**Q** 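I'd like to ask you about the structure that follows.
These numbers come from a predicted model, not from an experiment. Each chain gets a letter, A, B and so on, in the order the sequences are listed, and its residues count up from 1.
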Amino acid sequence: MYNETTHDGEGAHSDHDHHGPAKGLMRWVTTTNHKDIGTLYLWLSFTMLLYGGSMAMVIRLELFQPGLQWVEPHFFNQMTTMHGLVMVFGAIMPAFVGLANWLIPMMIGAPDMALPRMNNWSFWILPFAFTMLASTTLMESGAPAFGWTFYAPLSTTFAPDSTDFFIFAVHLMGISSVMGAINVIATILNMRAPGMTLMKMPLFVWTWLITAYLLIAVMPVLAGAVTMMLTDRHFGTSFFDAAGGGDPVMFQHIFWFFGHPEVYIMILPAFGVISAIIPTFARKPLFGYSSMVYATASIAILSFMVWAHHMFTTGMPVAGELYFMYATILISVPTGVKVFNWVTTMWKGSMTFETPMLWALGFIVMFTIGGLSGLMLGVAPVDTQYHDTYFVVAHFHYVLVTGALYSIIAAFYYWVPKWTGHMYDERLGKIHFWWSTIAVNVLFFPQHFLGLAGMPRRIPDYSLQFAEFNMISSIGGFAFGLAQVFFLYIVIKTIKGGEKATDRVWEGATGLEFEHLSSPPPYHSFNEAPPVK
Amino acid sequence: MIFNKLSRRFSVVVMGLMAMLSVPVAQAEYQLNMTEGVTPISHELYGLHMLVFWICVAIAVIVFGVMAYSIMHHRKSKGAVPANFHESTTVEIIWTVAPLLILIGIAIPATATLLDLEDAKTNADITLQVTGIQWKWKYTFVDEDVSFISSLAQTSRDVIKEPTGNENYLLEVDNELVLPVGKKIRFLFHSNDVIHAWWVPALGVKQDSIPGFINDSWATIEKPGIYRGQCAELCGKDHGFMPIVVNAVSEPEYNAWLAGMKAEAAAAASSADREWSMQDLLARGETVYQANCSACHGPTGAGIPGAFPAMTGSPVVTGAAAGHVDIVVNGKAGTAMAAFKNQLNDVDIAAVITFERNSFGNSVGDTVQPSTIKNAR
Amino acid sequence: MNKSALKLAIIPLLMFGFGFALVPLYDVFCDITGLNGKTGRVEASEINADLVDRSRTIEVRFLANTNTGLPWSFEPLVKKMQVHPGQVYEAVYRVRSASDNKTMGQAVPSVSPGLAAQHFNKTECFCFTQQELEGRETRDMPIQFIVDTDISADIEQITLSYTFFSVDQG
């Protein structure tokens with residue numbers, strides 16, 4: 001099977017096998033190489049992080065003090081909406097796809113992804129999708145302003161004209177994600193080196209396999225939801241319009257049927273990254289490998305059964321609320337197993353604290369904080385008071401910023417010596433970590449208090465009792481934003497040069513990419529299958 | 001060496017966080033936690049919240065404690081040699097079962113509270129319909145024929161650029177909702193346009209108001225006072241500017257207030273029968289416009305291009321009076337233009353229409369009388 | 001390889017369809033659970049008059065709302081009624097058009113508490129069809145309803161709300 005795939009449909013590229021990439025801009029436009037495409041994804045993600053981050057700065061600027069000083073409420077709503085969409089679909093998801101492209105073939109001993117041309121397509125759709133989405137800001141009616149969850153009827157009957165562009169952009173992102181996911185599954189199932197059984201795969205590969213199945217299952221449901229929005233807006237249907245026999249609450253059911261697995265799409269690969277980094281720097285194998293795999297799978301399955309815990313105030317029947325509460329808090333069991341396994345992996349290890357390890361430890365601590373506030377949110381009766389407040393904002397930013405984003409940054413520091421052949425600047429990396437970690441806690445921790453004290457989310461202005469915490473939060477926000485500009489400098493510096501990395505890179509590193517490939521690796525990773533122990 | 005460096009950095013972090021937390025501790029008026037509230041439900045919610053919170057704190061202390069110990073002691077710089085264990089079914093079972101037991105411990109009180117929360121099926125003393133309208137609330141006492149609109153107070157609108165002097169900025173309304181203490185009040189939520197959510201933390205009530213459907217909730221307020229809240233579901237441009245103020249009073253005071261509201265409505269109805277002068281209509285119309293129309297159409301009538309039409313030169317405003325009356329009275333389906341017959345009395349509607357036709361550069365020159373509006377309902 | 005990719009591609013196509021299948025599934029779900037207070041409809045012939053439960057009295061309250069764009073006034077003639085489960089009752093709503101032209105509306109019912117909705121059945125209702133009023137017409141519109149005898153014992157009151165929406169806009 002292995003030899004077959006290297007020749008199948010790859011004739012056009014056999015030239016490159018020995019000569020490396022083409023030169024110039026066209027290399028990037030026409031590339032079918034998993035490393036090039038991975039790089040493109042990661043740069044797109046970084047661009048979107050800075051774009052979405054700049055909108056977060058506008059939000060924090062307006063919330064710096066009570067009163068409306070900088071922007072109008074309508075524009076503020078556009079900012080929160082676009083910030084959410086850009087960060088979820090533009091920054092976090094493409095970053096993980098970029099990591100998958102770079103790492104999966106190297107980790108399973110394959111020369112490239114299974115479907116390289118489709119790989120090129122699934123990337124190049126995205127710049128168009130995001131250009132279209134971003135262009136709505138310049139339109140007369142302004143960008144979509146109904147929140148990234150776009151609840152009907154605010155997003156249908158009452159939406160600005162630019163909503164149609166938003167719908168089309170979401171369709172494109174969905175197609176891109178589904179193609180990327182199919183590619184990941186095909187690669188993992190067909191292109192493993194001989195001896196790489198499923199239960200020998202690194203956890204990053206496992207988590208991505210499960211994530212990819214989640215993606216192909218739920219992105220089309222989102223596509224269905226936006227299609228219904230489109231026909232409600234223009235073709236006289238009334239899926240979400242009570243006047244025609246529809247139901248606006250049904251929109252929320254369909255959206256969250258997508259939306260909750262989506263949350264795990266953004267965090268499962270992060271579990272894979274952390275499961276790679278902790279053992280390396282503890283110099284001790286991952287504790288409970290197989291239970292990690294099972295926990296990941298059970299989180300994925302449970303994620304389909306809990307969607308309505310986002311809707312405890314919509315007037316669900318009691319039986320429904322009870323079911324969704326029980327199912328939701330049940331998710332904390334497999335998630336807990338993961339955290340316990342990581343901590344036990346560290347236990348009696350021989351730890352060192354290079355930059356990737358710091359980010360991974362930061363992930364474990366702060367993701368756990370986000371997980372615990374998630375447990376609180378899962379308890380239906382009190383969720384009626386947390387719901388749609390800054391407590392929720394704090395919760396999901398702990399999970400997505402100090403969770404997903406931290407794991408992506410950890411992955412960058414961990415693998416960038418392998419990718420480029422250069423060590424990053426250890427001193428700068430540590431500064432980046434401590435700067436970000438202090439800032440991010442100053443930014444998000446006070447938001448717990450704000451929410452409990454009664455501040456709703458998505459408001460451009462607030463009463464005076466919330467002033468102090470908002471100002472603290474904004475200061476943290478500006479500092480955290482600046483830290484990521486500093487990160488851009490570190491990234492460029494590392495690509496341009498730096499201390500030469502060894503092939504093994506880290507003393508405790510394991511896995512095919514560290515044991516069998518040079519730093520940087522050849523343009524096509526494994527033309528011959530490596531031996532798998 | 002590295003350890004010293006790290007611990008120094010760590011202490012900086014701790015000090016930073018402490019500094020952050022000490023701000024609220026030093027000044028007692030900053031609220032850090034959920035309110036205990038003034039209804040049986042809000043007490044229960046608070047108790048449950050604190051229970052789950054302390055369980056979370058305990059879990060965090062254990063997990064982070066083990067992790068911190070490991071980081072301090074199992075480090076290479078201290079000569080730690082890695083062990084090689086990496087599997088234990090027993091341990092895995094223990095830390096699957098133990099959290100399960102904790103969860104059951106949470107689920108039992110949570111279930112009880114949830115059932116209390118949903119107790120809207122028994123008879124209540126007062127039934128109040130709450131209708132969300134972009135961006136104000138309408139309260140209807142269905143047994144009393146009392147109905148009124150409550151929107152953000154002008155004193156907040158006036159200081160929106162520099163609100164520091166106004167203690168209740170954005171949490172004050174023109175017409176407070178007055179409710180009696182010690183009575184079971186049933187709320188029926190409904191929306192006129194998009195989804196809103198009526199939230200008063202002290203009452204322990206947060207419920208979505210959804211167009212076309214009714215939702216219910218209930219509260220028995222235990223002590224008199226003023227309780228403030230806000231809309232909690234993004235509902236468009238002025239989502240942040242539709243506060244709720246509940247004034248809980250004794251029953252006699254409540255009855256007196258109801259009587260006053262009825263008398264006021266009767267007086268307004270009778271004043272609609274007389275002929276109004278252009279001058280009086282214009283003066284009243286400006287007030288009504290700024291309170292009800294300016295959010296979308298702008299304080300100067302300029303609207304927001306692409307979203308809300310301008311008043312100046314609008315074909316509806318400068319066209320035949322009947323068309324103008326129709327759109328203000330009945331609203332426009334499928335848009336944010338609400339039916340103001342559900343919100344304003346005849347005089348107010350007549351005044352605001354007259355004002356719009358003769359302001360912002362428009363000069364149609366006619367008046368619209370309250371009797372015309374009465375006829376259009 | 002391409003084969004497995006094609007096989008995989010079937011999943012998203014199915015799931016796209018599933019997204020739309022959620023619409024009827026949701027209706028079934030609502031029927032079973034009473035979510036959002038969608039009421040039931042029964043034929044008059046199905047009702048057994050012997051099954052009236054006179055030992056229980058439930059208060060039924062009537063609400064009326066008109067949505068934007070419809071120049072109608074709309075109100076129940078009686079605001080509340082005491083009913084026995086199993087017996088058929090009639091209530092009347094009055095609607096009056098303030099327009100000089102023909103107008104059309106569709107009423108959407110909703111019942112609270114949601115758990116009562118599946119036990120609140122109507123044999124006749126103006127909400128079953130669209131209503132058309134001539135200019136300045138006033139019309140009394142009856143509903144006939146019955147509360148099931150098996151309605152859960154702790155429900156003491158039910159609210160029935162109608163919202164009239166303008167039909168012109170679809």
**Q** Classify the ring geometry of C/Phe16 against C/Phe20: parallel below 30°, tilted from 30° to 60°, perpendicular beyond 60°.
**A**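 Perpendicular, since the angle between the ring planes exceeds 60°.
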**Q** Please state whether the side chain, the backbone, both or neither of B/Val142 comes within less than 4.5 Å of a heavy atom of chain C.
**A**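 Both backbone and side chain of B/Val142 come within 4.5 Å of chain C.
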**Q** For the interface with chain C, which of B/Ile327, B/Thr131, B/Thr127 has the highest count of heavy-atom pairs at distances below 4.5 Å?
**A**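 Top option by heavy-atom pairs under 4.5 Å: B/Thr127.
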**Q** With a 4.5 angstrom heavy-atom cut-off, which part of C/Tyr162 approaches chain B: side chain, backbone, both or neither?
**A**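 For C/Tyr162, neither part sits under 4.5 Å from chain B.
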**Q** For B/Asn342, which atoms come within 4.5 Å of any heavy atom of chain C: side chain, backbone, both, or neither?
**A**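 Only the side chain of B/Asn342 comes within 4.5 Å of chain C.
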**Q** Between B/Glu144 and B/Leu258, what is the shortest heavy-atom contact and its length?
**A**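 That closest heavy-atom pairing would be CD-CD1, 3.7 Å.
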**Q** Can you say whether the rings of C/Trp72 and C/Phe164 are parallel (under 30°), tilted (30 to 60°) or perpendicular (over 60°)?
**A**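 Taking C/Phe164 first and then C/Trp72, their aromatic rings stand perpendicular (interplane angle over 60°).
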**Q** So which residue, C/Asn65, C/Val108, C/Leu63, ends up with the most heavy-atom pairs under 4.5 Å with chain B?
**A**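 Heavy-atom pairs under 4.5 Å are most numerous for C/Asn65.
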**Q** Any side-chain heavy-atom pair from B/Glu356 and B/Ser314 closer than 4.5 angstrom?
**A**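 No, their side chains stay 4.5 Å or more apart.
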**Q** Check each atom of B/Asp193 against the heavy atoms of chain C and say whether the ones under 4.5 Å are side chain, backbone, both or neither.
**A**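 Neither part.
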**Q** Let's go through B/Phe141 and B/Trp257 carefully: what are the C-alpha distance in whole Å and the side-chain angles of both, what is the deciding distance for ring-ring contact (aromatic ring centres under 6.0 Å, His included) to 0.1 Å, and is it a yes or a no?
**A** CA-CA 12 Å; B/Phe141 289 83; B/Trp257 173 80; 5.6 Å; yes
**Q** Quick one: what part of B/Thr140 sits under 4.5 Å from any heavy atom of chain C, side chain, backbone, both or neither?
**A**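 B/Thr140 has no heavy atom closer than 4.5 Å to chain C.
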**Q** Is there a side-chain contact between B/Val352 and B/Phe340 (heavy atoms, below 4.5 Å)?
**A**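 No; the side chains remain at least 4.5 Å from each other.
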**Q** If you round to the nearest 0.5 Å, how far is CZ of C/Arg96 from CZ of C/Arg136?
**A**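 Going from the CZ atom of C/Arg136 to the CZ atom of C/Arg96 covers 7.5 Å.
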**Q** So which part of C/Thr163 gets closer than 4.5 Å to some heavy atom of chain B, the side chain, the backbone, both or neither?
**A**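 Side chain of C/Thr163 only, per the 4.5 Å heavy-atom cut-off to chain B.
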**Q** Side chain, backbone, both or neither: which part of C/Thr66 has a heavy atom under 4.5 Å from chain B?
**A**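 Both backbone and side chain.
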